[in-house]
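Structure, as structure tokens:
Excluded from the calculations below are hydrogen atoms, water molecules and symmetry mates; all remaining heavy atoms, backbone and side chain alike, are included.
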Amino acid sequence: MLETCTAFIETDLYNIWTLLAQKDFKEAYRRYASVWEDMLFICEEAEWLEFLEREGTELEEVPLRLYLAAWSDCCLEIGCYEGDVTGKLMDFLREDLPEKVFERLVPSPVNVDIDEPNGELESQLKPWREQLEPWGCKLKVFFDDTYCAGVCFLFLDVPKEW
């Protein structure tokens with residue numbers, strides 16, 4: 001699963017860099033409009049062109065990789081003020097966990113609001129990790145605030161034999 005996701009991300013990243021180098025900005029917008037909307041809050045081609053004129057074509061690679069991973073359904077994107085994400089987390093885990101592991105999960109509430117005490121995602125994942133790690137599964141969180149107030153990207157590593 002992870003290898004497939006990495007291949008998708010690398011291909012998309014290459015395509016984006018190529019389109020930007022060729023100054024084919026409209027095609028870059030057309031192909032990846034939902035990524036630009038999510039990452040840069042750009043909703044129209046004119047905004048995209050204005051952004052490139054103002055900021056240049058040197059997009060930050062790490063956040064771009066993370067947003068491409070979310071766009072490719074390789075991870076779960078969670079805003080730092082999203083609130084209750086317990087159901088969203090369960091849906092994400094249901095996709096990649098074997099049924100025997102998923103059925104044994106005892107979900108604990110996850111309410112993400114970084115302005116509240118204990119509202120950070122990382123601290124609320126401890127009970128989830130304790131249930132998943134004996135099965136060889138790991139939850140990894142990457143935080144990015146390059147283009148916004150903050151977003152967490154949650155990845156699930158599962159043993160290869162699944």
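No path of Ile, Leu, Val, Met, Phe, Trp and Tyr side chains, each step under 4.5 Å between heavy atoms, connects I114 with L66, placing them in separate hydrophobic clusters. A continuous path of ILVMFWY side-chain contacts below 4.5 Å connects Y67 to V62, so both sit in one hydrophobic cluster. Cluster membership check: M90 shares its hydrophobic cluster with F92, using side-chain heavy-atom separations under 4.5 Å among Ile, Leu, Val, Met, Phe, Trp and Tyr. Linking Ile, Leu, Val, Met, Phe, Trp and Tyr residues whenever their side-chain heavy atoms come within less than 4.5 Å leaves Y81 and V151 in two separate clusters.
The ring of Y32 has its center closer than 6.0 angstrom to the ring center of W71. The six-membered or imidazole ring of Y147 lies away from that of F41, with a centre-to-centre distance of 6.0 Å or more.
Ion pairing of R54 with E47 is absent here, as no side-chain N (NZ or NE/NH1/NH2) approaches a carboxylate O to less than 4.0 Å. Between D91 and K88, no side-chain nitrogen of the basic residue sits less than 4.0 Å from a carboxylate oxygen of the acidic one, so the salt-bridge criterion is not met.
The shortest side-chain heavy-atom distance between F143 and E122 does not fall under the 4.5 Å cut-off. Contact check for I78 versus L89: no side-chain heavy atoms found under the 4.5 Å cut-off. Side-chain contact between I42 and E50: absent, with no pair of heavy atoms (C-beta onward) separated by less than 4.5 Å. With contacts defined as side-chain heavy-atom distances shorter than 4.5 Å, the pair F51/L59 qualifies. Taking 4.5 Å as the limit, some side-chain heavy atom of L93 sits within range of a side-chain heavy atom of L105. Residues L156 and L139 have side chains in contact (heavy-atom distance under 4.5 Å, counting atoms from C-beta outward). At a threshold of 4.5 Å between non-hydrogen side-chain atoms, the residues L76 and V85 do not count as touching. The shortest side-chain heavy-atom distance between L97 and C137 falls under the 4.5 Å cut-off.
Other residues, nucleotides and ligands place more than 12 heavy atoms under 6.0 Å from the CG atom of D115. Annotation for E55: atom CD counts as buried by contact number, over 12 foreign heavy atoms lying within 6.0 Å. The 12-atom threshold is exceeded at CD of E130, counting heavy atoms of other residues, nucleotides or ligands nearer than 6.0 Å.
With Q124 contributing its side chain and N111 its backbone, the two residues share a donor-acceptor pair below 3.5 Å. Between the side chain of W48 and the backbone N or O of A28, no donor-acceptor pair lies under 3.5 Å. Using a distance-only test at 3.5 Å, with no hydrogens or angles considered, a donor-acceptor pair links the side chain of Q131 to the main chain of V106.
Expressed to the nearest 0.5 Å, how far CZ of F155 lies from CZ of F142 amounts to 6.0 Å. Taking NZ of K140 as the start and CG of L125 as the end, the distance is 14.0 Å to the nearest 0.5 Å. D96 contributes atom CG, which lies 11.0 Å from atom SG of C75 (distance to the nearest 0.5 angstrom). In this structure, CG in L49 is found 11.0 Å from CD in E44, a value given to the nearest 0.5 Å.
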Notebook entry, point to check: When you look at V35 and L64, which way does the side chain to side chain contact (heavy atoms under 4.5 Å, CB included) test go after all the steps?
Noted result: CA-CA 8 Å; V35 174; L64 183 53; 4.2 Å; yes

